Each structure stands twice: as structure tokens, then as C-alpha cells.
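Since this is a predicted model, take the numbers as computed values, not measurements.
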Amino acid sequence: MSIAPYTVTDPVAEHGESPVWSSRWGGLRWVDMLAGAVLALDAQGKVRRRRVGKVAAAVRPRVSGGYVVAAERELLLSDTDDLDAPLRSLGEAWTDPAVRMNDGGCDPDGRFYIGSMAYDESPGRGSFYVAEPGGGLRVVLPEVTISNGFDFSPDGTLAYYADTRTGRVDVLDYDAEGGLSGRRPFAVVDPGQGAPDGLTVDAEGGVWVALWQGGAVHRYDADGRLDAVISLPVRKVTAVTFGGESLDRLFITTSALGVDRAEQPEAGAVFAADPGVRGRPVLPAAL
């Protein structure tokens, strides 16, 4: 099945990533990662921007109110939902300036996970971490390369994860006490179709995957079979999330890094599609 996209914003980001819809925010937020900014789209279509540092890798709402931002090497917390609220750091997670945070997300019990990668994309230099209650990070998956999409099945027993360089989406078992285990392949992306980046899971268990350098979003059913494609007019598709009041719109972020805007004038815009299936509310962080 082919689904048509449409533009939601102008090309406002150099490297758009980590879209999240929260009714508390009144709409969509995402990051312009290497510009170190969190962006917000209001109901009138206006985009606001708030710089938080050198890098803004991921953003999620907090259970207690406010939001968490993964910056270059630290987690930043706000205590209110206001985009411009003061931020406090939980401390530098590592000192290596060659490695930065990348995409992340939360489990059904509120634990916040964040991945890392080397700026030069050196194989195995990254890790996938979970934040401990005090804010320290513990390695869950070592020696990853470009840690990206992370989300859960509707019943919360399975987690889907993409290390972009592997060319596949993996699935892991999850339970509240034992955490993540049993990593195994779920869906393999043909290199000619791009590489898996950010992902989200719909209410029926379908996994929507943004394809970096692929100009598309793929939906895989719960058995890992490709059953829907959204083709976009830009190559570097980065991440997806469901939003809108009924969670029936799929928002898609894109990148303009290294792109000739004359050839791809909409690179860096946010797109959306109406896929005929609903998403689920974002899992918030209990930080």
C-alpha cells in the first residue's frame, strides 16, 4: 500500500529528528539536532525554536510535568512544559568529545533510554543506555554504531530498536523487572532502499520506520512483513511519530545535512501522512 505525504512546515531544520506529540504541549515538538535546538509547532502552524546547547538529540515529556532533552553528553530537565522553561543538567555522562548522544525513548515503566554514536560514525563506538533514578547512565547494549529508533509494542512486552549501520530493525523482549533481553532481527532493509533511522509503533502493532537516504517510511506488520510505504520528495528521512488529537496523523522529520536544496528544496521540513491507523500516546519519562 502506498500512502501520500504532505508538508506541515517549511524546511526549518538542518537535521530534524525525534518528533514527539504530547497533548500537554498542545502539539508537536522535535529537535534540530546539530543546531542544538528544540522546535515546537503550534495549532496555527507557527514554529518556535529554543536552543539548549551544541546538540539536542531527543526530547520526551516527563511524567511529573516538564520535559527531558538529551544534549551532547548530558540529560537536561525542565520542570514545566513551557518550551522556554529553565533546564538543569543531570551531569556529564562521559567525557569523550568524539561521542555524542543520538535518538532515545522511554519504556512502559517510565525509564528513559538514550543512544550514542561517534561523530565520525566509527563502528562500535556507541552504546545504548538506560537512565538510572539518579540520572546516571547504565549500558544496555554495548558497541553499537548509530543508535536510533526505539519504541514498544502495544502490550509493552516487545521493544523495537534500530542501530542504523546494521541495516535492520531488531526486536527485544521486555519486562519491568528484567528490562530488555533476547535481541534478534525483526526486519531487514535492503541497502538500496536506505537504512533504518527513527521508528514508532502504531496501535495495531505495526512498526513505522524512517529510511535514511531512502526517501521513504516503511510500515512492517507485527510479523516483520512490509505492508505500506510512504514515499517522500527528500532522501534523508529521519524519524516518525503519531500525533493529532486522535493520534491518526503520522509526522515525519527530515534532514538537509549535505543536501543540495536546489535539488531537494523541502529537505529539513516536517511532513505528515494519514495512514488509516492510530498511534499510541507517547511514553513519558519518570525522571
Visitor: Are R60 and F112 in a cation-pi setup, meaning NZ or CZ lies under 6.0 angstrom from the ring centre and within 45 degrees of the ring axis?
Guide: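 Here R60 fails the 6.0 Å and 45° test against F112.
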Visitor: Looking at Y160 versus F150, is the centre-to-centre ring distance below 6.0 Å?
Guide: no
Visitor: Taking side chain to side chain donor-acceptor pair (under 3.5 Å) as the criterion, tell me which of D202, T241, D151, T200 meets it with W208.
Guide: D202
Visitor: Quick one: do D79 and R62 make a salt bridge, cutoff under 4.0 Å?
Guide: yes
Visitor: Can a donor-acceptor pair be found, under 3.5 Å and without considering hydrogens, that links the side chain of T164 to the backbone of P196?
Guide: yes
Visitor: Determine whether L83 and V47 fall in the same hydrophobic cluster, where Ile, Leu, Val, Met, Phe, Trp and Tyr are linked whenever their side-chain heavy atoms lie under 4.5 Å apart.
Guide: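 As far as the 4.5 Å side-chain criterion goes, V47 and L83 are not connected within one cluster.
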Visitor: Who passes side-chain hydrogen bond (donor to acceptor under 3.5 Å, both in side chains) against S64, sequence neighbours left out?
Guide: none
Visitor: Report whether V282 and Y67 are members of the same hydrophobic cluster (ILVMFWY, side-chain heavy atoms less than 4.5 Å apart, transitive linking).
Guide: yes
Visitor: So which atom in V12 and which in T9 form the shortest heavy-atom distance, rounded to 0.1 Å?
Guide: CG2-OG1, 3.9 Å
Visitor: With a cut-off of 6.0 Å (strictly less than), are more than 12 heavy atoms of other residues, nucleotides or ligands near CZ of R278?
Guide: no
Visitor: Kindly say whether E14 contributes a backbone atom to a donor-acceptor pair with the side chain of D32 at under 3.5 angstrom?
Guide: yes
Visitor: Minimum heavy-atom separation for G268 and T254, please, with both atom names.
Guide: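 Scanning both residues, the minimum pair turns out to be N-OG1, 2.9 Å.
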Visitor: To the closest 0.5 Å, what do you measure between CZ (R51) and CG (D84)?
Guide: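 Here the rounded value is 14.5 Å.
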Visitor: Using ring centroids (six-membered ring only for Trp), state whether F242 and F251 fall under 6.0 Å.
Guide: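 For F251 and F242, the ring centres are not under 6.0 Å apart.
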Visitor: Would you say that W25 contacts V59 through its side chain, given a criterion of any heavy-atom pair below 4.5 Å between the two side chains?
Guide: yes
Visitor: Got I252 and L232 here, is their nearest side-chain heavy-atom distance under 4.5 Å?
Guide: yes
Visitor: I would like to know whether L90 and L77 meet side chain to side chain contact (heavy atoms under 4.5 Å, CB included); could you show each step before the answer?
Guide: CA-CA 8 Å; L90 295 183; L77 300 183; 3.8 Å; yes
Visitor: So, for Y6 and F271, is the gap between ring centers shorter than 6.0 Å?
Guide: no
Visitor: With a 4.5 Å cut-off on side-chain heavy-atom distances among I, L, V, M, F, W and Y, is there a chain of contacts connecting L287 to V38?
Guide: no
Visitor: Between Y119 and V55, is the side chain to side chain contact (heavy atoms under 4.5 Å, CB included) condition met? List the steps.
Guide: CA-CA 11 Å; Y119 276 101; V55 169; 3.5 Å; yes
Visitor: What I'd like to find out is whether the side chain of D274 reaches to under 4.5 Å of the side chain of R249, using heavy atoms alone.
Guide: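 A side-chain contact exists here, since the closest heavy-atom pair is under 4.5 Å.
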Visitor: Any salt bridge linking R125 with D96? Criterion: basic side-chain nitrogen under 4.0 Å from a carboxylate oxygen.
Guide: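 A salt bridge links R125 with D96.
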Visitor: Taking only Lys NZ, Arg NE, NH1 and NH2, and the carboxylate oxygens of Asp or Glu, determine whether R111 and D107 approach each other closer than 4.0 Å.
Guide: yes
Visitor: Tell me whether R138 is salt-bridged to E132, with the criterion being a basic N under 4.0 Å from an acidic carboxylate O.
Guide: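 Answer for the salt bridge query: yes.
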Visitor: Would you compute the distance between atom CD1 of I230 and atom OG of S2 and round it to the nearest 0.5 angstrom?
Guide: 8.5 Å
Visitor: Determine the minimum heavy-atom distance between W30 and G16, stating which atoms define it.
Guide: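 Residues W30 and G16, closest heavy atoms: CD1-CA, 4.3 Å.
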Visitor: Check V169, T145, D170, N148 against D163 for a side-chain contact (heavy atoms from CB on, under 4.5 Å) and give me the one that passes.
Guide: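 Single pass found, and it is T145.
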Visitor: Verify side chain to side chain contact (heavy atoms under 4.5 Å, CB included) between D197 and V209, making sure each step is shown before the conclusion.
Guide: CA-CA 7 Å; D197 200 322; V209 183; over 6 Å; no
Visitor: Is V229 close to S231 at the side-chain level, that is, under 4.5 Å between some pair of heavy atoms?
Guide: yes
Visitor: Do K236 side-chain atoms and G215 backbone N/O form a donor-acceptor pair below 3.5 Å?
Guide: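 No, because the side chain of K236 does not come within donor-acceptor range (under 3.5 Å) of the backbone of G215.
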Visitor: When hydrophobic residues are tied together by side-chain contacts of less than 4.5 Å, even through go-betweens, does M33 share a cluster with V69?
Guide: yes
Visitor: Rounded to the nearest 0.5 Å, what separates atom CZ in R235 from atom CG in D260?
Guide: 14.0 Å
Visitor: Enter the distance from L211:CG to D190:CG here, rounded to the nearest 0.5 Å.
Guide: 10.5 Å
Visitor: Evaluate the criterion side chain to side chain contact (heavy atoms under 4.5 Å, CB included) for residue pair R165 and E121; output intermediate values, then yes/no.
Guide: CA-CA 9 Å; R165 186 61 63 86; E121 302 181 8; 3.2 Å; yes
Visitor: Minimum heavy-atom separation for N102 and S147, please, with both atom names.
Guide: ND2-O, 2.8 Å
Visitor: State, to 0.1 Å, how close A85 and S78 come at their nearest heavy-atom pair, and which atoms those are.
Guide: CB-CB, 4.0 Å
Visitor: With a 4.5 Å cut-off on side-chain heavy atoms, are P154 and V201 touching?
Guide: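 Of all side-chain heavy-atom pairs linking P154 with V201, at least one is under 4.5 Å.
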Visitor: Before you tell me yes or no, could you show the steps for D42 and K46 under salt bridge (Lys or Arg N to Asp or Glu O under 4.0 Å), namely the whole-Å CA-CA distance, both residues' side-chain angles and the distance that decides it to 0.1 Å?
Guide: CA-CA 6 Å; D42 67 20; K46 180 181 177 182; 5.8 Å; no
Visitor: Give a yes-or-no answer on whether the side chains of T238 and S255 include a donor-acceptor pair shorter than 3.5 Å.
Guide: no
Visitor: Is there side-chain contact between S18 and D103, with at least one heavy-atom pair below 4.5 Å?
Guide: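 In contact.
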Visitor: Given the rule in the side chain to side chain donor-acceptor pair (under 3.5 Å) test, do S89 and E74 qualify, once you have shown the distances and angles that lead to the verdict?
Guide: CA-CA 7 Å; S89 174; E74 62 185 340; 2.5 Å; yes
Visitor: Just checking, any donor-acceptor pair under 3.5 angstrom between side chains of D155 and Y174?
Guide: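 Y174 and D155 do not have a side-chain donor-acceptor pair below 3.5 Å.
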Visitor: Assess whether a salt bridge exists between D173 and R184, defined as any Lys/Arg side-chain N lying under 4.0 Å from an Asp/Glu carboxylate O.
Guide: yes
Visitor: Any non-hydrogen side-chain atom of P19 less than 4.5 Å from a side-chain atom of L28?
Guide: yes
Visitor: Can you list every pair that meets ring-ring contact (aromatic ring centres under 6.0 Å, His included) and has a residue in residues 187-207, with sequence neighbours left out?
Guide: none
Visitor: Taking the side chain as C-beta and beyond, is there a heavy-atom pair between R100 and R73 under 4.5 Å?
Guide: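 A side-chain contact is absent here, since even the closest heavy-atom pair is not under 4.5 Å.
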Visitor: Between CD of E72 and CD of E92, what distance do you get to the nearest 0.5 Å?
Guide: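 So the gap between those two atoms works out to 8.5 Å.
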Visitor: Is the count of non-hydrogen atoms from other residues, nucleotides or ligands lying under 6.0 Å from E143 atom CD greater than 12?
Guide: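 Counting other residues, nucleotides and ligands, CD of E143 stays at 12 neighbours or fewer.
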Visitor: Enter the distance from S153:OG to L158:CG here, rounded to the nearest 0.5 Å.
Guide: 4.0 Å
Visitor: Are I146 and Y161 joined in one hydrophobic group, where the rule is that I, L, V, M, F, W and Y side chains link up if heavy atoms are under 4.5 Å apart?
Guide: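 Not linked; separate clusters.
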Visitor: Provide the closest heavy-atom pair for V140 versus Y113 in the form atom of the first, atom of the second, distance.
Guide: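 Here V140 and Y113 meet closest at CG2-CE2, 4.2 Å.
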Visitor: Of all residues at least two apart in sequence or in a different chain, which pass the side-chain contact (heavy atoms from CB on, under 4.5 Å) check with S127?
Guide: S116, Y129, V139
Visitor: Just by distance, do the side chain of R219 and the backbone of A228 share a donor-acceptor pair under 3.5 Å?
Guide: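 Flag not set: sc R219 to bb A228 has no pair under 3.5 Å.
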Visitor: Quick one: are the ring centres of W212 and H15 less than 6.0 Å apart?
Guide: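 That pair passes the under 6.0 Å test.
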